[in-house]
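Here the structure is laid out as structure tokens; the discussion comes afterwards.
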Number of protein chains: 2
Amino acid sequence: MTAEQSDQPDQHPVNALDDVVHQRVRLGILTVAHQARRVEFGFLRTALDLTAGNLSQHLSVLEKAGLVHIEKGYEGKRPRTWLTLTPAGDRALREEVAQLKRLIQQIEQGGSDAQA
Amino acid sequence: MTAEQSDQPDQHPVNALDDVVHQRVRLGILTVAHQARRVEFGFLRTALDLTAGNLSQHLSVLEKAGLVHIEKGYEGKRPRTWLTLTPAGDRALREEVAQLKRLIQQIEQGGSDAQA
DNA sequence: GCAGTCAGCTTTGCATTGCAAACTGATCCT
DNA sequence: AGGATCAGTTTGCAATGCAAAGCTGACTGC
């Protein structure tokens, strides 16, 4: 146990996860936005069971990070807010998934007691 | 308050995730603890690239939640802290993995599960 | 043997985050 | 017209997460 690769700061999957993306609610938002091309605020709100205030803030975090595009307009006379994933958002989500898969593999392989 | 059609409380995978387990660092701790039967504090610290203070607090969160058992003692004359997953911790980790898998599947299918 | 140093954590202090209640402004109902 | 409802945003506050400082005991030089 000699050669410590100190130039390898962190090889652990969790260190490759981005907190903006990994956060539970935002991961949900990105997932839904990935599945549907364009999502309504209200749909997200009920699909993820959030308060409007909570959702509103998570959206601005995602927008500020450049992961989603937010589009405000009207449906008839009612104001609406739609959400689309940006290319960066799509990449970020894929990256999250890739790291989660690595993590899951580690968990499922290396157990002292493993059972599916 | 309108008793709306909340008979479908939340079918979305992210709502089944436990924030105690899902948090990035703690997910890492649980993963490492799952792979090795018994982990040293110092090992976790370097493996996950954490400050001691940060690790210390995450461990007490996990302990308070009953997910890990913390054991203090000596190795030779040096004080050491070891960590083991409790059965509940193991179950919680498996549950997290199960939900993550559901989530990943949803993402990778990429279908348009549209709205109105 | 007692100052100084180091290993191994814990505690403290503070900035950020996340949540829901309160608010704004427009539309619908009667 | 006046109230109820929809669609979000802003505000206020509690909880979280982080690193720096602090604490405790062991070993080292003198």
Side-chain angles (χ1 to χ4, degrees), chain A residues 4 9-10 14-15 17-30 32-33 38-65 67-84, chain B residues 1-6 10 14-15 17-30 32-33 38-65 67-84 115-116:
Chain A
E4 285 282 339
D10 54 62
V14 295
N15 286 327
L17 293 173
D18 177 352
D19 284 323
V20 171
V21 176
H22 185 72
Q23 202 278 349
R24 199 176 56 80
V25 171
R26 287 190 296 261
L27 190 53
I29 295 171
L30 294 174
V32 173
R38 191 155 164 277
V39 201
E40 285 183 8
F41 186 101
F43 178 77
L44 273 174
R45 173 162 157 41
T46 59
L48 298 176
D49 194 29
L50 300 170
T51 60
N54 193 357
L55 177 54
S56 179
Q57 289 193 122
H58 281 301
L59 290 189
S60 52
V61 169
L62 288 171
E63 188 181 30
K64 217 164 290 173
L67 304 183
V68 303
H69 175 67
I70 293 185
E71 196 184 339
K72 283 152 198 286
Y74 285 82
E75 182 155 279
K77 303 252 192 149
R78 297 258 171 207
R80 296 280 177 178
T81 299
W82 291 278
L83 177 81
T84 16
Chain B
M1 302 45 282
T2 63
E4 43 203 355
Q5 57 270 54
S6 45
D10 51 63
V14 295
N15 287 328
L17 293 175
D18 177 351
D19 285 322
V20 171
V21 176
H22 185 71
Q23 200 278 347
R24 200 175 55 79
V25 171
R26 286 191 296 260
L27 190 51
I29 294 170
L30 293 174
V32 173
R38 190 154 165 278
V39 201
E40 283 183 10
F41 186 101
F43 178 77
L44 273 173
R45 175 163 157 40
T46 60
L48 299 175
D49 193 29
L50 300 169
T51 60
N54 194 357
L55 176 54
S56 179
Q57 287 192 127
H58 281 301
L59 291 189
S60 53
V61 169
L62 289 171
E63 187 181 31
K64 218 165 288 174
L67 304 183
V68 303
H69 175 67
I70 293 185
E71 195 183 338
K72 284 151 198 285
Y74 286 83
E75 182 154 277
K77 304 254 190 145
R78 299 290 169 97
R80 297 279 178 180
T81 299
W82 292 278
L83 178 80
T84 15
Q115 71 235 26

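Sequence lines set the chain letters: A, B, ... in the order given, protein chains first and strands last, and positions in each chain run from 1.
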Starting from P on C:dC9, measure out to CG on B:Leu55 and report it in whole angstrom. 9 Å

Out of curiosity, B:Thr51 OG1 to B:Arg45 CZ, how far, rounded to the nearest 0.5 Å? 7.0 Å

Atom pairs, N/O to N/O, protein against nucleotides 2-6 of chain C, distance under 3.5 Å?
none

Check: protein-nucleotides 23-30 of chain C nitrogen or oxygen pairs below 3.5 Å:
none

Rounded distance (Å) that lies between atom P of C:dG8 and atom CZ of B:Phe43: 15 Å

Rounded to whole angstrom units, what separation is found between the CD atom of B:Glu63 and the P atom of C:dC9? 14 Å

Tell me which one of B:Val39, B:Thr81, B:Asp49 satisfies side-chain contact (heavy atoms from CB on, under 4.5 Å) with B:Leu44. B:Val39

Using the test salt bridge (charged side-chain N to carboxylate O under 4.0 Å, His left out), find all partners of B:Glu71 that sit at least two apart in sequence or belong to another chain. B:Arg38

Measure CG/A:Leu83 against P/D:dT9 and give the value in whole Å, please. 12 Å

Contact class for A:Thr81 (heavy atom, under 4.0 Å): base, sugar-phosphate, or nothing? sugar-phosphate

Rounded to whole Å, the CG-P distance (A:Asn15 to D:dC18) equals 11 Å

How many Å lie between CZ on B:Arg45 and P on C:dC9, as a whole number? 10 Å

Can you check the B:Trp82 CH2 to C:dG8 C1' distance for me, whole Å? 12 Å

Checking B:Arg26 side chain against B:Val20 main chain: does a donor-acceptor pair fall under 3.5 Å? yes

Between B:His58 and B:Asn54, do the side chains contain a donor N or O and an acceptor N or O under 3.5 Å apart? yes

With sequence neighbours left out, write down each residue that passes salt bridge (charged side-chain N to carboxylate O under 4.0 Å, His left out) with B:Arg80, or none if nothing qualifies. B:Glu40, B:Glu75

Show your working on side chain to side chain contact (heavy atoms under 4.5 Å, CB included) between A:Thr84 and A:Ile70 and close with a plain yes or no. CA-CA 7 Å; A:Thr84 16; A:Ile70 293 185; over 6 Å; no

Scan A:Arg80 against the nucleic acid and name what it touches under 4.0 Å (heavy atoms): base, sugar-phosphate only, or nothing. sugar-phosphate

Taking CG from B:Leu62 and P from D:dG17, how many angstroms apart are they, rounded to a whole number? 10 Å

Heavy atoms only: give me the nearest A:Phe41-A:Leu59 pair and the separation to one decimal. CD1-CD1, 3.7 Å

N/O donor-acceptor pair under 3.5 Å between B:His22 side chain and A:His22 backbone: yes

Just how far is it from atom OG of B:Ser56 to atom CG of B:Leu50, taken to the nearest 0.5 Å? 11.0 Å

Using a cut-off of under 3.5 Å, enumerate the N/O to N/O pairs linking the protein to nucleotides 14-21 of chain C.
from: C:dG18; atom 1: OP1; to: A:Gln23; atom 2: NE2; distance (Å): 3.4
from: C:dG18; atom 1: OP2; to: A:Arg26; atom 2: NH1; distance (Å): 2.7
from: C:dC19; atom 1: OP2; to: A:Asn54; atom 2: OD1; distance (Å): 2.9
from: C:dC19; atom 1: OP2; to: A:Asn54; atom 2: ND2; distance (Å): 3.1
from: C:dC19; atom 1: OP2; to: A:His58; atom 2: NE2; distance (Å): 2.8
from: C:dC19; atom 1: O5'; to: A:Asn54; atom 2: ND2; distance (Å): 3.2
from: C:dC19; atom 1: N4; to: A:Gln57; atom 2: OE1; distance (Å): 3.4
from: C:dC19; atom 1: N4; to: A:Gln57; atom 2: NE2; distance (Å): 2.4
from: C:dA20; atom 1: OP2; to: A:Thr51; atom 2: OG1; distance (Å): 3.3
from: C:dA20; atom 1: N6; to: A:Gln57; atom 2: NE2; distance (Å): 3.4

List in chain and number order the residues that pass salt bridge (charged side-chain N to carboxylate O under 4.0 Å, His left out) with B:Arg24, two or more places apart in sequence or in another chain; answer none if no residue qualifies. A:Asp19

